[in-house]
There are 2 protein chains.
Amino acid sequence: MATTIDDVARAAGVSTSTVSYVLSGKRPISAPTRQRVERAIRDLGYRPHAGARALASARTHVLGLMAPLRVDVNVNVIMQFVTGVVTAARSYDHDVLLLTADETAGLERVASGSMVDALVMMDVEADDPRVPVLVGLRQPAVLIGLPRDPEGLSCVDLDFEAAGRLAVRHLARLGHRRVALVGSPRAVLERHTSYAERMMRGFTAEAAEAGLAAVVEPCESSMAGAVGAVDRVLERLPDVTGVVVHNEVALPWVVATFADRGRHVPEDVSVVAVCPPDVAVGQPLPLTGVDIPAHAIGRVAVEMAMARVGHDEPAETRLLAPVLVERASTRPALR
Amino acid sequence: MATTIDDVARAAGVSTSTVSYVLSGKRPISAPTRQRVERAIRDLGYRPHAGARALASARTHVLGLMAPLRVDVNVNVIMQFVTGVVTAARSYDHDVLLLTADETAGLERVASGSMVDALVMMDVEADDPRVPVLVGLRQPAVLIGLPRDPEGLSCVDLDFEAAGRLAVRHLARLGHRRVALVGSPRAVLERHTSYAERMMRGFTAEAAEAGLAAVVEPCESSMAGAVGAVDRVLERLPDVTGVVVHNEVALPWVVATFADRGRHVPEDVSVVAVCPPDVAVGQPLPLTGVDIPAHAIGRVAVEMAMARVGHDEPAETRLLAPVLVERASTRPALR
DNA sequence: TTGAAAGCGCTAACAC
DNA sequence: GTGTTAGCGCTTTCAA
């Protein structure tokens with residue numbers, strides 16, 4: 001180890017710049033020279049020193065990822081975002097530096113310290129305090145989620161409003177007239193995590209336009225939370241026949257509680273789950289659902305970030321169109 | 001931005017080395033000088049360039065973490081390891097570079113490229129192909145888990161063998177004479193992920209020594225898997241009264257299935273869960289359990305890694321002693 | 001098609 | 001207690 005580019009140059013009988021150019025491909029190299037250099041690199045097991053490279057080229061080949069590592073929410077979805085980001089980053093020859101969401105200072109640290117070429121930030125809230133920080137940085141940033149004011153920042157997310165509408169439309173088509181949304185925990189709503197609000201807005205608007213009776217209930221991510229939410233729904237809308245669930249953790253308990261209260265899915269109640277496909281399929285009864293394509297969102301975030309390093313393309317916001325997949329949990333309403 | 005150490009030096013009317021030494025504390029600085037420098041740093045919003053620093057000092061202040069980002073296993077536990085590692089790393093003024101387990105080449109890339117000061121690798125298997133790679137690196141590495149041959153590498157883990165024994169001993173003390181282990185998925189066992197084997201060994205040995213009838217059943221991480229495992233247990237040991245479950249995902253379904261088969265927990269069957277405390281407590285019935293202190297293990301891994309960067313201390317293996325916490329799922333056996 | 005050499009921003013001797 | 005300066009290993013003009 002500790003081989004440097006000069007060692008390689010010497011071994012290959014060329015100058016250091018030639019080695020550099022063989023590596024970067026930024027200028028044409030004759031076949032024989034290239035081969036001698038490549039051979040020397042292999043023989044010596046040479047790897048360029050990342051720090052030296054970053055210093056000289058102002059590119060770190062590292063992507064900063066700020067992820068919420070709390071254990072409370074839907075760990076699964078987070079994991080899928082992360083794998084999406086890491087996989088995509090690798091395909092751009094970048095590694096991923098992991099920052100936790102509780103550390104706003106981390107953004108400045110890694111950005112001002114030139115540790116990263118770009119940043120991706122998950123789990124953005126409407127008035128996220130980290131957003132103004134991001135705006136001031138030299139590196140491009142991509143948000144997963146939608147802040148109230150994305151001034152100059154790129155954003156990606158599922159179009160949750162359309163997702164809410166899509167779910168309701170599906171139920172309406174099946175003839176359901178009384179629908180409920182069992183949603184995110186109250187704390188999430190109060191944090192104004194925008195996806196929860198957008199979901200709710202879409203659900204409510206579409207139900208209104210379709211002339212459906214509709215109720216919305218927040219739901220804690222636990223068995224107890226699910227039981228409570230279901231009971232509140234049944235109290236407010238006793239003859240509910242269509243339910244949209246937007247809470248991965250509560251999902252199985254919601255279905256179980258309805259059954260426990262004598263409303264079986266899908267005979268008595270149709271359920272549309274808004275969650276990653278594997279969660280919907282992994283349930284005892286495969287659930288009709290609007291997919292949250294976490295992996296894809298992560299990948300798109302990276303693509304958008306990479307498109308902006310070096311080039312100064314303008315920021316853009318991309319909302320992915322939701323897709324509903326029919327499985328076993330929805331049926332035409334009984335008349 | 002783009003302020004350099006020279007800008008700071010100029011602004012403070014000192015030499016660059018003085019600024020450097022103020023920053024590193026590696027030599028005494030008079031109070032007035034220090035203040036002028038600190039003021040200049042603040043005024044200019046100066047941050048040292050990470051690459052330059054790494055180049056000059058051979059320290060990156062980055063820790064490599066290789067985590068298994070598959071969604072199949074106990075995502076929760078993984079998350080806890082990761083937060084433990086990240087938090088601890090920050091307390092040593094290090095950031096974390098995330099590598100996925102499927103990319104053995106990543107180890108060489110970040111190590112030989114001098115991107116990290118040390119490496120932590122989760123989810124080690126008995127004959128892990130990544131272990132020999134790790135041995136050849138310049139940087140110290142710490143494994144979470146126990147390979148068959150840890151030649152020169154540091155390892156941390158829960159002492160799963162002791163955990164198995166502890167769980168059995170607890171059941172035996174309560175008078176249970178027929179016990180079962182509902183364990184890891186067959187695939188995990190076949191991968192020889194050492195923790196599963198160690199757990200099994202401890203369980204089996206202690207049961208034998210205590211003269212208990214004991215069966216072991218692997219269990220897939222799903223509802224169906226849990227049902228299957230429970231039924232196989234009941235077939236092989238119909239009057240089982242004590243069950244150790246070592247599978248976070250299957251846990252709730254195992255308990256539910258026993259109830260479904262007319263064996264209620266804890267009236268008819270006592271259950272000891274081997275899992276992180278929050279999982280045990282989050283169940284409908286709080287489960288007696290042997291904690292998997294994931295967060296703590298992550299922290300210890302970082303401490304061991306940091307202890308070895310720079311200094312060339314010898315590798316060590318640390319097995320954390322298991323702790324059993326009695327909750328509501330175990331009772332004296334009926335006679 | 002290739003080489004020489006000037007930095008990139010910082011650390012750590014080595015002076016004083 | 002502070003300053004000078006030679007690198008650290010690489011990229012990238014500028015020349016040939």
Side-chain angles (χ1 to χ4, degrees), chain A residues 1-38 40-41 44-62 93 110-115 117 138 309-310, chain B residues 1-38 40-41 44-62 93 109-115 117 138 310:
Chain A
M1 301 298 119
T3 8
T4 73
I5 198 171
D6 290 301
D7 298 330
V8 175
R10 209 168 305 121
V14 300
S15 70
T16 62
S17 60
T18 297
V19 177
S20 177
Y21 284 118
V22 165
L23 248 20
S24 69
K26 288 190 182 176
R27 84 178 180 192
I29 303 283
S30 73
T33 309
R34 145 163 294 117
Q35 275 159 19
R36 290 216 315 288
V37 171
E38 282 169 348
I41 289 178
L44 298 174
Y46 166 72
R47 302 262 190 186
H49 185 289
R53 179 175 274 202
L55 181 57
S57 70
R59 292 248 120 29
T60 63
H61 287 260
V62 173
D93 195 25
V110 303
S112 311
S114 296
M115 301 183 75
D117 290 338
R138 186 160 70 263
V309 350
Chain B
M1 298 303 116
T3 12
T4 73
I5 199 172
D6 290 302
D7 298 331
V8 175
R10 210 168 305 122
V14 300
S15 70
T16 62
S17 61
T18 297
V19 177
S20 178
Y21 285 118
V22 165
L23 249 20
S24 69
K26 289 191 181 175
R27 83 179 180 191
I29 304 282
S30 73
T33 309
R34 145 164 294 118
Q35 276 160 18
R36 290 216 314 289
V37 171
E38 283 169 348
I41 289 177
L44 297 173
Y46 166 72
R47 301 264 190 186
H49 186 289
R53 177 175 274 199
L55 182 55
S57 69
R59 292 249 116 39
T60 64
H61 288 261
V62 173
D93 195 24
R109 176 163 35 83
V110 303
S112 311
S114 297
M115 302 182 74
D117 290 337
R138 188 161 67 265

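Lettering follows sequence order; numbering is per chain, from 1.
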Side-chain N or O of R53(A) closer than 4.0 Å to phosphate OP1/OP2 of dT11(D): yes
NE2-CZ distance between H61(B) and R53(B), expressed to the nearest 0.5 angstrom: 5.5 Å
Integer-rounded Å distance: dT11(C) C1' and I5(B) CD1: 8 Å
Side chain of S30(A) - closest among dT1(C), dG3(C), dC10(D): dT1(C)
Interatomic distance where CD belongs to Q35(B) and P belongs to dG1(D) [whole Å]: 14 Å
Whole-Å distance separating the CG atom of L55(B) from the P atom of dA6(D): 17 Å
A50(B) backbone acceptor or donor facing S114(A) side chain under 3.5 Å: no
Whole angstrom value for the distance that separates P of dC8(D) from CZ of R59(B): 17 Å
Residue A56(A), side-chain atoms from C-beta onward, closest of dT1(C), dC8(C), dC14(C): dC8(C)
Residue-phosphate contact under 4.0 Å: K26(B) side-chain N/O, dT11(C) OP1/OP2: no
Test applied, side-chain contact (heavy atoms from CB on, under 4.5 Å); reference residue, Y46(A); option that passes from D7(A), V37(A), I5(A): I5(A)
Spatial distance of atom NE2 (H49(A)) from atom CG (L55(A)) [nearest 0.5 Å]: 10.0 Å
Length of the NE2-P vector between H61(A) and dT11(D), whole Å: 9 Å
Rounded distance [0.5 Å steps], CZ in R36(B) versus CD1 in I41(B): 12.5 Å
Value rounded to 0.5 Å, distance of CZ in R47(B) from OG1 in T4(B): 15.5 Å
Separation of atom CZ in R27(A) from atom C1' in dA15(D), rounded to whole Å: 11 Å
Distance in angstrom units between R138(B) CZ and dG9(D) C1', rounded: 12 Å
Residues touching DNA chain C, which here means a heavy atom under 4.0 Å, drawn from residues 6-24 of chain B: S17(B), S20(B), Y21(B)
L23(A) side, atom CG; E38(A) side, atom CD - distance, nearest 0.5 Å: 9.0 Å
Closest listed nucleotide, where the reference is the side chain of S57(A) and the choices are dT12(D), dC10(D), dC8(C): dT12(D)
